[in-house]
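Shown next, in structure tokens, is the structure this report addresses.
Here is the naming used below: chain letters follow the sequence lines, and residue numbers restart at 1 for every chain.
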Amino acid sequence: MPDKRKFHTVRGVRDILPPDSSLWNWFEATARDVLESFNFREIRLPIFEETELFARSVGLETDIVSKEMYTFHDPLDVEQAIKSVLGHGLDPTKVHLGSDASTSTSQIWDFLNKFESLTLRPEATASVARAYIENGMHTQPGLVKLYYAGPMFRRERPQKGRYRQFYQIGAEVLGTSDHPAIDAELIEMLTVLLERCKLGNWTLLVNSIGDPNCRPAYVELLREELRKVKDQLGQDSQRRVETNPLRVFDSKVPEEQALITNLPKITDHLCDACRQHFDDLRRQLDLRSIPYTHEPRLVRGLDYYMRTTFEITSTHLGAQNALAGGGRYDGLVEMLGGPPTKGIGFALGEDRFIEVIQAAGQISASSVGRPLDAFIVWMGAESYPAATRLARRLRGDGLCVELPAEEPKLRKALSLAERLGARFAIIIGENEIKTGVFAVKRFADGKQENLAEADVASFLRTSAPVANEAEAKTPQT
RNA sequence: GUGAGCGUAGCUCAGCGGCAGAGCAUCGGACUGUGGCUCCGAGGGUCGGGGGUUCAAAUCCCCUCGCUCACCCCA
């Protein structure tokens, strides 16, 4: 008896179906086009890495590393390891969950962590830094400008605009220079992409969070100020006062907002070098005519950020309103064992971009998807060979063609073609085989022409552009 | 991990103690070489799952699972 169990996606992941997938493909192609026009080149990275890479770069205390990573051990490696432990006369029950009250979960983790631990990437900057070091990319001439695209994984509770498998496109600039023009051009690149997506309702927020010279003193100052008003803070914020005072700025508790506004701003406590860098960044944005808001409360969550941080938010989204975010991470490569290297990058959330593009309504799956150019209706077994020849010819000419496998009734075939969105139906039956001309019917106005096989392709192509009809009609903004 | 809302056909939902429903979609027919319209018909259900109350439960009660949104945090 067949098992009637229905399989479904696991929590927080989803299918992306046609026609939506057309919009995704369009967005990815557009992003690639923009990034490559700034001379960025794609780096294809693995989906999983050693757990240690993310722990060290993203930061042990971050939510991402402490509770959101999909970490696993190769089962065969673990089996091997257990056997080797047994070979040393150790008690196997000591490593069996629940078999012994003295074996705690953390002890089991300690045991497992002696063996290679792997993690589905929660972000990709760490991988880029690893690849930069591993491949000796510091010997390449000039700046190393890379971009990546693909899925990331974080085990968070899903909500609007947040998924456990989500898609990011990111760009990174690595090398010996930390000139603010690099930061500004990276941001400019993002604004160009926003324009190409015909998005208007976005805001650029920028800030500087200092560097290891000036930030520790500021964090201490902030902590002292927060302690003075601790009893007015909620539980979450009270905890952060001790663990990570900067995070208090992220609070959305309404009662805390007034308090937060009056806290000392990090940009008032930067060292001279950081202050200069931030001032120059703003000048660089001005000379590019990029509107921005200085948001002193913008502190990014990942440990490796320093100096420049920025974020693009959209009013079209729900609570998860960040479309893209990034910042400078000058110490990261060296911390991972590479040469002293400056770095800056951003990641944008594809899921969120797609949502905003759809909400804006300027670009849609139907306007960027590939249309079905021709539906071939054939009648009678003797016409099928001619139909297959025609289909091959049209497809070879770059057209999208549907050829029914079974002989259809004419009325039903035309009905199906119309519902599939075909631009034309090409009718091949006894009459057409005799005369050698095909009836080509245009659905838009119902007009029909008789054409020789050799003329069909050019007729289909010239009578209407193949793709992006709707986009071409939309005035440039 | 916490809170709230919601689970009935592929989709959107009605029904809220008494035979499991509608619209849309799908398939077939009217209609044998000309689509859209119209009409007729068909298929499709563990009413999320389990337990309880009752002569009788989609409906009332309890538990559980799932989804959505929000918190936390982030793209």
Side-chain angles (χ1 to χ4, degrees), chain A residues 4-6 8-12 14 17 58-59 61-68 122-125 149-170 190 234-237 239-240 243-244 247-254 298-302 305 310-314 317-327 345-356 375 377-380 383 407-433 439-448:
Chain A
K4 289 212 174 159
R5 176 184 170 193
K6 271 189 186 172
H8 47 85
T9 57
V10 301
R11 183 196 289 265
R14 56 179 180 157
L17 309 172
V58 177
E61 300 306 317
T62 60
D63 278 12
I64 292 177
V65 170
S66 64
K67 58 187 190 199
E68 296 175 357
E123 58 108 48
T125 299
M152 309 292 160
F153 305 85
R154 291 182 201 171
R155 197 180 178 290
E156 299 174 279
R157 195 73 168 263
Q159 68 187 72
K160 192 174 178 63
R162 169 195 287 167
Y163 305 94
R164 288 184 170 186
Q165 175 174 333
F166 59 104
Y167 295 81
Q168 284 189 338
I169 296 175
L190 217 31
Q235 254 194 344
D236 286 327
S237 294
R239 179 172 39 79
R240 291 187 207 130
T243 57
N244 191 350
R247 293 253 71 87
V248 175
F249 286 119
D250 287 331
S251 167
K252 288 174 189 164
V253 180
L298 177 65
V299 292
R300 302 203 59 80
L302 281 48
Y305 285 122
F310 59 94
E311 189 168 288
I312 288 179
T313 60
S314 167
L317 292 166
Q320 307 305 318
N321 66 350
L323 274 177
F346 69 76
L348 65 85
E350 282 192 71
D351 306 80
R352 294 178 185 176
F353 255 83
I354 297 292
E355 200 163 310
V356 173
F375 187 105
V377 185
W378 58 277
M379 285 165 295
S383 67
E407 180 178 348
K409 285 184 183 170
L410 179 61
R411 179 185 294 275
K412 292 178 77 165
L414 288 173
S415 168
L416 178 60
E418 197 262 334
R419 283 179 297 158
L420 291 178
R423 297 169 52 231
F424 292 90
I426 301 170
I427 300 163
I428 308 175
E430 270 180 54
N431 301 340
E432 285 75 14
I433 295 297
V440 179
K441 183 186 185 69
R442 175 161 53 204
F443 281 104
D445 54 11
K447 283 190 180 137
Q448 191 162 316

Taking atom types as they are modelled, is there a donor-acceptor pair under 3.5 Å from the base of B:U32 to the side chain of A:Arg411?
-> no
According to a strict under-4.0 Å criterion, is A:Gln159 in side-chain N/O contact with OP1 or OP2 of B:A70?
-> yes
Kindly say whether, by distance alone, the side chain of A:Arg154 makes a donor-acceptor pair under 3.5 Å with the base of B:A75?
-> yes
Using only heavy-atom distances, decide whether a donor-acceptor pair under 3.5 angstrom links the side-chain of A:Gln320 to the base of B:A70.
-> no
Under the salt bridge (Lys or Arg N to Asp or Glu O under 4.0 Å) test, which residues partner A:Arg162, sequence neighbours left out?
-> A:Glu156
Is there a donor on the side chain of A:Arg162 or the base of B:C74 sitting less than 3.5 Å from an acceptor on the other?
-> no
Of all the base pairs, Watson-Crick or G-U under 3.5 Å, which form stems of three or more consecutive pairs involving RNA chain B?
-> B:1-7 with B:65-71, B:10-13 with B:21-24, B:26-30 with B:38-42, B:48-52 with B:60-64
Give a yes or no on whether a salt bridge exists between A:Glu123 and A:Arg154, defined as a side-chain N under 4.0 angstrom from a carboxylate O.
-> no
B:C73 base to A:Arg240 side chain: any donor-acceptor pair below 3.5 Å?
-> no
Could you give the distance separating B:C71 and B:A75 at their P atoms, to the nearest angstrom?
-> 16 Å
Residue-phosphate contact under 4.0 Å: A:Lys409 side-chain N/O, B:G29 OP1/OP2 = yes
Expressed as a whole number of Å, how far does the C1' atom of B:C13 sit from that of B:A25?
-> 14 Å
With A:Tyr167 via ring pair (Phe, Tyr, Trp, His ring centres under 6.0 Å) - residues at least two apart = A:Trp24
With no angle test and no hydrogens, is the base of B:G33 tied to the side chain of A:Glu432 by a donor-acceptor pair under 3.5 Å?
-> yes
Between A:Asn431 and A:Phe166, just flag the one whose closest nucleotide in RNA chain B comes earlier from the 5' side.
-> A:Asn431
Considering only atom C1', compute the distance from B:U12 to B:C6 and round it to an integer number of Å.
-> 15 Å
Testing B:A70, B:G35, B:A75 for proximity to the side chain of A:Glu418, the answer is B:G35
Integer angstrom distance from the C1' of B:C67 to that of B:G29 | 40 Å
Would you classify A:Arg247 as touching base, sugar-phosphate or nothing, given that sugar-phosphate means primed atoms plus P, OP1 and OP2, and contacts are heavy atoms under 4.0 Å?
-> sugar-phosphate
